[in-house]
There are 2 protein chains.
Amino acid sequence: MDGPGQEAQGGESLLFLTDEQLRKGIEAMFFAYRAFTADPDRILEKYEYGRAHHRALHFINRQPGLTVSTLLAVLGVTKQSLNRVLRTLISDGLVEVRVGKRDKRERNLYLTERGKELERELSEAQRARMRAAYRAAGPAAVAGFRQVLEAMMDPELRRHYLALRDEEA
Amino acid sequence: MDGPGQEAQGGESLLFLTDEQLRKGIEAMFFAYRAFTADPDRILEKYEYGRAHHRALHFINRQPGLTVSTLLAVLGVTKQSLNRVLRTLISDGLVEVRVGKRDKRERNLYLTERGKELERELSEAQRARMRAAYRAAGPAAVAGFRQVLEAMMDPELRRHYLALRDEEA
DNA sequence: GATTTTATGTCAGCGATGTTGACTTTCCAA
DNA sequence: TTGGAAAGTCAACATCGCTGACATAAAATC
């Protein structure tokens with residue numbers, strides 16, 4: 001049922017590091033990521049937004065009050081690129097900007113009610129797919145899934161990922 | 001070592017389907033995918049190619065002789081979009097086109113030696129990261145990783161994914 | 001044999017999202 | 001008070017998706 005795997009450490013089963021296995025993993029990432037973004041993309045079209053808007057909404061929702069520069073670091077895009085997106089979200093009333101308390105140069109970002117609504121709609125679609133996949137694969141598989149993805153991240157990105165993780169605890 | 005998981009079916013451990021868990025999965029996909037494409041992207045820059053070229057090279061390499069329409073289906077883009085990419089790859093001598101044997105309307109695509117070289121360079125970078133992640137996570141995690149990704153795919157994309165899988169066996 | 005369908009290629013134009021570079025304003029901190 | 005950090009903006013550009021329209025060749029069907 002499980003194929004090879006249990007005897008991991010043994011040294012014998014390094015079969016999972018085959019070029020073929022690695023290529024399968026690469027393709028799995030490609031196809032899965034396409035599916036992963038497909039549902040929100042369909043919703044975004046209705047509102048004339050794009051994937052970049054979704055990402056901004058997601059992280060502002062996750063970390064209300066985060067600064068522009070933090071968001072820049074998390075998203076890994078340039079200030080100019082983010083600003084285009086942020087400007088439309090703000091003027092459409094989905095994102096609210098407040099001047100920083102300690103440091104008045106900083107801008108803290110928050111979702112408005114409307115922003116939260118859209119975020120919920122988008123992420124619910126994405127979560128539905130995730131939930132189905134998780135349920136189909138089971139908890140052990142899910143743990144492995146997360147382990148591999150984490151190991152794949154650049155250390156700096158992993159820091160951001162883990163930061164989000166900890167805040168909720 | 002394994003956290004919760006073994007008692008999967010029991011009903012108790014549905015904790016892995018929490019909204020929080022799902023959001024973590026979503027973020028893991030986002031950050032990991034960024035890392036996943038970063039290495040090839042750096043290489044592609046040198047040659048003035050983009051991610052789209054990489055994808056075409058990858059699948060032509062995987063299935064030498066595949067037709068344009070198959071490649072279209074696999075990549076999930078429009079003819080016009082693919083053609084732009086394919087045209088440069090052909091005129092740069094990385095891809096070779098042969099008229100179909102049975103059906104002369106079809107064009108079968110192959111990598112030239114130079115095409116294979118670039119494909120190798122790109123995929124080696126990607127495989128190196130994958131290998132490191134696989135090694136760090138271990139075979140059981142890798143199996144779970146693949147299971148979840150497969151479950152996440154759209155059925156039609158999964159067909160393409162599985163087709164590639166079988167050909168090598 | 002004439003017609004329709006399929007596979008491919010191409011032109012033109014558009015939109016989203018990334019980039020670099022240059023410059024401004026505001027404000028903290030040394 | 002001066003230097004640098006945080007943010008915003010303008011301009012220009014590249015990649016890579018898209019739609020729509022049209023052309024050609026070959027297969028398939030009537």
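Protein chains get the first letters and strands the later ones, always in sequence-line order, with residue 1 at the start of each.
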With distance as the sole criterion, is a donor-acceptor pair present between the side chains of B/S123 and B/H58 under 3.5 Å? no
Please tell me if B/R87 has a side-chain N or O lying less than 4.0 Å from either OP1 or OP2 of C/dG9. no
Atom CG of B/L86 and atom P of C/dA7 are separated, to the nearest Å, by 17 Å
Interatomic distance where CG belongs to B/L72 and P belongs to D/dT19 [whole Å]: 13 Å
Quick note, B/R105 side chain, CB onward, closest among D/dA7, C/dA7, C/dC28 is C/dA7
If the sugar-phosphate is the primed atoms plus P, OP1 and OP2 and the base is the rest, what is the B/S/- string for nucleotides 14-25 of chain C, using protein heavy atoms under 4.0 Å? --SBBBBBB---
Hey, mind stepping through A/F31 and B/F59 against ring pair (Phe, Tyr, Trp, His ring centres under 6.0 Å) and telling me if it holds? CA-CA 12 Å; A/F31 288 119; B/F59 287 109; 5.8 Å; yes
Starting at atom CG of A/N108, determine the distance to atom P of D/dG8, rounded to an integer number of angstrom. 11 Å
Taking the six-membered ring of A/F36, is NZ or CZ of A/R129 closer than 6.0 Å to its centre and within 45° of its axis? no
Donor-acceptor under 3.5 Å (B/H160 side chain, B/L157 main chain): no
Quiz question: by atom type and distance under 3.5 Å, do the side chains of B/D92 and B/Y47 form a donor-acceptor pair? no
Expressed in angstrom and rounded to an integer, what is the separation of A/R98 atom CZ from D/dA7 atom P? 16 Å
Spacing of A/R34 atom CZ relative to D/dC16 atom C1', expressed in whole Å: 14 Å
Roughly how far apart are A/T70 OG1 and A/L109 CG, rounded to 0.5 Å? 9.0 Å
Nearest whole Å is fine: how far is C/dA7 P from B/D103 CG? 8 Å
If you find the nucleotide of DNA chain C closest to B/R107 and the one closest to A/K101, which residue's nucleotide is nearer the 5' end? B/R107
For atom NZ of B/K104 and atom P of D/dA28, their distance in whole Å: 12 Å
Nearest-angstrom distance from the residue atom CD of B/E106 to P of C/dG9: 11 Å
Is a side-chain N or O of A/T67 found less than 3.5 angstrom from the main chain of A/E106, in a donor-acceptor match? no
Indicate whether OP1 or OP2 belonging to C/dT8 is found under 4.0 Å from a side-chain N or O atom of B/S69. yes
